[in-house]
Visitor: 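One structure coming up, written as structure tokens, with questions to follow.
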Amino acid sequence: MLTDIEIAQQAKLKPIREIAEGLGLSENDWEPYGHTKAKLSDQLVEKLAHKPNGKIILVTSINPTPAGEGKSTVTVGLGQALNNIGKKAVIALREPSLGPVMGIKGGAAGGGYSQVLPMEDINLHFTGDLHAITSANNALAAMIDNHIHRGNELNIDPRRIEWKRVMDMNDRALRQIVVGLGGPLRGVPREDGFNITVASEIMAILCLAKDLKDLKARISNIVIGYTYDEKPVTVKDLKVEGALVLLLKDAMKPNLVQTMENTPAIIHGGPFANIAHGCNSLMATKTAAKLGDYVVTESGFGADLGAEKFLDIKTRAGDFEPDAVVIVATVRALKMHGGVPKDNLTNENIDALKNGMKNLEKHVETIESFGLPFVIAINKFPTDTEAETETIKSWCESRNINVALTEVWANGGEGGIELAEKVIQQTESKERNFNRMYDLHDSIDVKIRKIAQKVYGADDIDISAKARKQISFYEQQGWDQFPICMAKTQYSLSDDPSLLGRPNGFTISIREIRPSVGAGFLVVLTGDVMTMPGLPKKPAALNMDVTEDGKAVGLF
Ligand SMILES: Nc1ncnc2c1ncn2[C@@H]1O[C@H](COP(=O)(O)OP(=O)(O)O)[C@@H](O)[C@H]1O
Ligand SMILES: O=COP(=O)(O)O
């Protein structure tokens, strides 16, 4: 069986000019980055304001195995299938982080015959956006320490600096560090640490900003820490918002590529959904909606994470509503939720599969509580037996739930025709009564509790003393009006990664709450979730190489 990269390297890509022209774009709307990548103007949404928006389809999933259940693959495959049946579909995806690429998860360019290409570029440096975000984030960190070293006019308390450095790599050794060692010429010693770039507030801001002006306003509002008398200190106070926006001006432009079947794909922004809001940029989604009749987009991990934050954060920031949802389910993940160990998921086990359906059941209830029509996509793996896929199908059909067996990994768009037809039906469904999980005027703890109880199925939340103090301080600052960005393990509906299936009788422990005042949300850290992941025992990097003629190998 060919690997993803071997399949990708066989594909025949069109010059990106043909993809851009096929979208009706003129020369000024895009600029080439090589032969198969381009950046789109960040003013396209405004230029095409007169055009009606395409229908937005959100792809989410059940709680995944460590390898992921195929949201990106199904997103790409569904986009291809819609084009195969004569619709004008554009895909909007997040871009991969080198953390999972080099680490445990592998790439984020889809898989099999449903990939976005050139996958090597997309999975590695792409057009440099993540490097720009890393540079802007760390430039700010350097400016903070320099300000303190040069006399600390703003009276910043070095013990209360919230802003962390970032790197786009899983590196546990950098989670907690001390900077400024070595004496008076080397800065002021203080505790610091690194987050992974995709958890940076700069990433979130780039993904939620409507345009360059909004980007600058949000960057200016970033709270980097507090003074000795506990007053917030912002980027504007440091007078570096202009420099940071200068570093980000090209990263603000969404990237245009294509799928294996030449379906247009706009890839931009890459926040993780367990430690950030997990959605591609608003600009990418809105641009895609102006260029296609259907936009197929995804949000990270399960509906408890990416979909909840897409629906409670991103739709508010962009003032739009999705038209339908696809919930990706896989035999392997459902067997894991039914009690099968991760290293034994390829053997048929109907009983475990049936037992694991309760995880899918909860995510169905969540999407129903958002008032959105949906289709279950059974993302068929080569190891799935007919008895297993039929078990999921009959579970859905017995509950009058729309379901489609989806084989887009093995067959590309052709494998998603049934899914495409059912999704179109749902986008025309009258049963759409979109409502969000909480009101912005709810108190912080009420917002968190609503998410925990309605989306995770928790009995309640348990707020630490530190988080309680933070809540009362944030209320004084008026930050209680912000939406909530839950940071939680992706493996469980609870905050304990070992509790699979549909746990009950649990509470969500709220460890601390970090204000992302520029992004406009509060990050709520639960359980032991980390904002700088570590590498696994055998990182994917061990399989990677470059041939003598420069071809990438081992990129999945
Ligand atoms: N139906 C399938 N059969 C085999 N492998 C698949 C299938 N769907 C996805 N994969 C593989 O699983 C991994 C995760 O897929 P991906 O689409 O990235 O999932 P997600 O976006 O949910 O994390 C990728 O390596 C992909 O090639
Ligand atoms: O943020 C996580 O995204 P995936 O579900 O695509 O791994």
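First listed ligand is number 1; within each ligand, the first listed atom is number 1. Here the structure is a predicted model, which means the values were calculated and not measured. Numbering starts at 1 and runs along the sequence shown.
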Visitor: Using a 4.0 Å heavy-atom threshold (strictly under), name the region of Trp409 that reaches ligand 1: side chain, backbone, both or neither.
Guide: side chain

Visitor: Does Pro64 come within less than 4.0 angstrom of ligand 1, counting non-hydrogen atoms of the residue?
Guide: no

Visitor: In terms of atom number and element, which parts of ligand 1 are under 4.0 angstrom from non-hydrogen atoms of Asn379?
Guide: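 Within the 4.0 Å cut-off of Asn379, ligand 1 contributes 1 (N), 2 (C), 7 (C), 8 (N), 9 (C).
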
Visitor: Would a distance-only check, ignoring hydrogens and angles, find a side-chain to backbone donor-acceptor pair under 3.5 Å from Asn355 to Gly338?
Guide: yes

Visitor: Phe301 and Phe310: aromatic ring centres closer than 6.0 Å?
Guide: no

Visitor: Step by step, work out the salt bridge (Lys or Arg N to Asp or Glu O under 4.0 Å) result for Glu201 and Arg218.
Guide: CA-CA 10 Å; Glu201 185 180 352; Arg218 288 170 179 269; over 6 Å; no

Visitor: Could you list the atoms of ligand 1 found under 4.0 angstrom from a heavy atom of Asp4?
Guide: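 Heavy-atom distances to Asp4 below 4.0 Å select 25 (O), 26 (C), 27 (O).
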
Visitor: May I ask you to check if ligand 2 and Lys71 share an N or O to N or O distance below 3.5 Å?
Guide: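 By distance alone, the answer is yes.
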
Visitor: Inspect the contact between Arg502 and Glu365 and indicate whether a charged nitrogen and a carboxylate oxygen are less than 4.0 angstrom apart.
Guide: yes

Visitor: What are the atoms of ligand 2, with element, lying closer than 4.0 Å to any heavy atom of Phe272?
Guide: 1 (O)

Visitor: Main chain of Gly111, side chain of Ser114: is a donor-acceptor contact present, judged purely on distance under 3.5 Å?
Guide: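 Here the side-chain-to-backbone pair does not exist.
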
Visitor: Considering only heavy atoms of Lys380, which atoms of ligand 1 have at least one such atom less than 4.0 Å away?
Guide: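 Matching atoms, with element in brackets: 1 (N), 2 (C), 3 (N).
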
Visitor: Between the candidates Lys71, Arg332, Gln490, which shows the shortest non-hydrogen contact distance to atom 22 (O) of ligand 1?
Guide: Lys71

Visitor: Under a 4.0 Å threshold between the charged nitrogen and the carboxylate oxygen, would Lys39 count as salt-bridged to Asp129?
Guide: yes

Visitor: Taking the side chain as C-beta and beyond, is there a heavy-atom pair between Ile508 and Ile461 under 4.5 Å?
Guide: yes

Visitor: Pull out every atom of ligand 2 sitting under 4.0 Å from any heavy atom of Ala273, numbered as shown with elements.
Guide: 1 (O), 2 (C)

Visitor: Quick test of your reading of the structure: of Gln490, Glu298, Arg94, whose heavy atom lies closest to atom 4 (P) of ligand 2?
Guide: Arg94

Visitor: For Gly70 and ligand 1, does the shortest N/O to N/O distance drop below 3.5 Å?
Guide: yes

Visitor: Kindly indicate whether the side chain of Ile424, heavy atoms from C-beta on, has any atom under 4.5 Å from the side chain of Leu82.
Guide: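 When only atoms from C-beta onward are counted, Leu82 and Ile424 do touch, with a gap below 4.5 Å.
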
Visitor: Check each atom of ligand 2 against the heavy atoms of Gly300 and keep those under 4.0 Å away; list them by number with element.
Guide: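 This gives 1 (O), 2 (C), 3 (O), 5 (O) as the contact atoms.
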
Visitor: Please identify which atoms of ligand 1 are closer than 4.0 Å to at least one heavy atom of Pro382.
Guide: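 Matching atoms, with element in brackets: 3 (N), 4 (C).
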
Visitor: What are the two closest heavy atoms between Ala199 and Ile275, and how far apart are they?
Guide: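 It is CB-CD1, 3.7 Å.
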
Visitor: Would you call Ala67 a ligand 1 contact, heavy-atom distance under 4.0 Å?
Guide: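 Distance cut 4.0 Å: Ala67 passes for ligand 1.
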
